[in-house]
Amino acid sequence: MPELPEVETIRRDLLQLVRGRTITDAFISPNAPRLVQIIAPADFCRGLTGRRIEDVDRRGKYLLFRVARGLTWAVHLRMTGRLLHNPAEPDGPYVRAHFRLDDGARIVFVDLRKFGTMWLVDDESLVIGALGPEPLGESFTLALLSGLLARRSAPVKAVLLDQTAIAGIGNIYADEALFAARINPRRPADSLSRPAARRLHAAIQEVLLTALGDRGSSFRDYLDPSGREGGHHLKVKVFRRTEEPCYDCARPIKRIKLAGRSTHFCPKCQR
DNA sequence: CGTTACCTGAAA
DNA sequence: TTTCAGGTAACG
């Protein structure tokens with residue numbers, strides 16, 4: 001569910017709430033058998049208990065809790081995962097894991113669809129080793145994006161969604177970035193002109209930064225650790241605006257299936 | 001490369 | 001009843 005702006009919002013909030021705290025108890029629900037990867041849930045809980053949270057990082061859509069003695073507790077929320085801090089109802093029907101901290105606070109992992117995953121590893125490359133560069137990082141240059149596009153004949157939207165190409169872009173912000181860059185999502189990546197690649201590079205950063213400023217988008221399930229919605233879904237230009245008028249040309253936004261995902265675009269403005 | 005599976009619901 | 005859902009791994 002959450003993409004880079006949502007996961008980064010969660011990271012920033014949780015950093016303030018849990019840094020320096022020690023995990024005093026960990027619980028994985030038996031109805032979430034696929035939640036913990038690689039090791040058994042009991043070993044995961046034993047491994048986390050008693051450990052201090054030293055930092056909270058993010059890579060792509062992964063949250064990385066740096067805990068004592070070099071271990072990383074990694075979390076991927078997939079479609080419907082939430083990490084809530086002291087929620088009003090800590091025993092709701094979709095609670096898949098919970099963690100008690102030494103200040104009495106509770107971190108609750110809620111996930112309707114059970115796609116979310118967690119790891120406890122000493123080598124983070126096991127989890128995030130294959131990810132491409134951070135689109136808001138220094139290494140994400142125009143030259144890098146152009147090189148990426150030139151090597152792929154797939155539709156440009158499929159490349160934006162490929163986490164090994166660029167880390168953190170999902171279905172909302174792929175559609176929004178392609179609209180901002182006026183590029184048709186079906187265009188083969190290697191067919192983009194130099195100016196089009198330049199527009200796309202700027203659009204990716206602008207769209208992600210704006211959404212981050214709005215604390216993400218809450219179309220359906222996304223809530224921050226305090227249970228609040230983001231604000232960016234109120235500002236999208238094409239995502240889930242099928243048959244509504246394009247803000248630039250007033251013609252209806254169209255929806256197609258691409259790379260297995262619903263894809264929204266303006267056929268007149270995006271070529 | 002584009003489908004299919006993983007889950008559970010909400011919306012059409 | 002059918003389709004759709006901020007994701008991604010595993011298929012063919």
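Remember, predicted model here, so these are calculated numbers, not experimental data. Here is how names work: the chains are called A, B, and so on, in the same order as the sequence lines, proteins then strands, and each is numbered from 1.
When both distances must be under 3.5 Å, the Watson-Crick or G-U wobble mate of C:dG6 does not exist. Base pairing analysis places B:dC7 opposite nothing; no Watson-Crick or G-U wobble pair with both distances below 3.5 Å involves it.
Protein chain A contacts DNA chain B over a range whose 5' and 3' limits, counting nucleotides with an atom under 4.0 angstrom from a non-hydrogen atom, are B:dC1 to B:dA10.
Each of A:Arg240, A:Arg261, A:Lys237, A:Lys157 was scored for a salt bridge (charged side-chain N to carboxylate O under 4.0 Å, His left out) with A:Asp175, with one residue passing: A:Lys157.
Separating the CZ atom of A:Phe219 from the P atom of C:dC4 is a distance of 17 Å, rounded to the nearest angstrom. Rounded to an integer number of Å, the gap from A:Ile128 CD1 to C:dG7 P is 19 Å. Atoms CG (A:Asp214) and C1' (C:dG6) sit 15 Å apart, rounded to a whole Å. Atom pair A:Arg261:CZ and C:dC4:P shows a separation of 13 Å (rounding to whole Å applied). In this structure, the CG atom of A:Leu63 is 15 Å from the P atom of C:dG7, given to the nearest Å. The CG atom of A:Asp175 sits 15 Å away from the C1' atom of C:dG7 (whole-angstrom rounding). Between the CZ atom of A:Phe115 and the P atom of C:dA10 there is a distance of 15 Å, rounded to whole Å. When rounded to the nearest whole Å, the span between CD1 of A:Ile169 and C1' of C:dT8 equals 16 Å.
Under the 4.0 Å criterion applied to side-chain N and carboxylate O atoms, A:Asp43 and A:Arg46 are assigned as salt-bridge partners.
Aromatic rings of A:His233 and A:Phe239 (six-membered ring for Trp) have centroids beyond the 6.0 Å cut-off, not under it.
For A:Gln163 and A:Tyr62, the side-chain atoms include no donor-acceptor pair closer than 3.5 Å. There is a side-chain donor-acceptor pair under 3.5 Å between A:Arg66 and A:Thr72.
In this structure, A:Arg255 reaches the sugar-phosphate backbone alone: every heavy-atom distance under 4.0 Å involves primed, P, OP1 or OP2 atoms, never a base. As judged by a 4.0 angstrom heavy-atom cut-off over every strand, A:Tyr173 is placed among residues making no nucleic acid contact.
Comparing C:dC11 with B:dC7, their P atoms sit 15 Å apart, to the nearest whole Å. Across C:dT8 and B:dA10, the matching P atoms stand 24 Å from one another, rounded to whole Å. Here the separation of C:dA5 from B:dC1, taken at their P atoms, is 22 Å to the nearest Å.
Not one N or O on the side chain of A:Glu6 forms a donor-acceptor pair closer than 3.5 Å with the backbone of A:Tyr222. Under a 3.5 Å cut-off, the side chain of A:Arg58 and the backbone N or O of A:Gly60 do form a donor-acceptor pair.
B:dG9 adopts an anti glycosidic conformation, its chi angle falling more than 90° from 0.
Put simply, A:His76 has a side-chain N or O that comes within less than 4.0 Å of OP1 or OP2 on C:dT8. Phosphate contact (OP1/OP2 of C:dG6, side-chain N/O of A:Thr80, threshold under 4.0 Å): absent. Note on A:Gln163: every side-chain N or O is 4.0 Å or more away from OP1 and OP2 of C:dG7.
Residues A:Ser262 and A:Ala259 both approach DNA chain C. Their nearest nucleotides, taken by heavy-atom distance, put A:Ser262 toward the 5′ side. Two residues, A:Arg34 and A:Pro155, neighbour DNA chain B, and the one matched to the more 5' nucleotide by heavy-atom proximity is A:Pro155.
The side chain of A:Ser218 approaches C:dG6 more closely than any other nucleotide in the set C:dC4, C:dT8, C:dG6.
Atom CZ of residue A:Arg255 and atom CZ of residue A:Arg241 lie 14.5 Å apart, to the nearest 0.5 angstrom.
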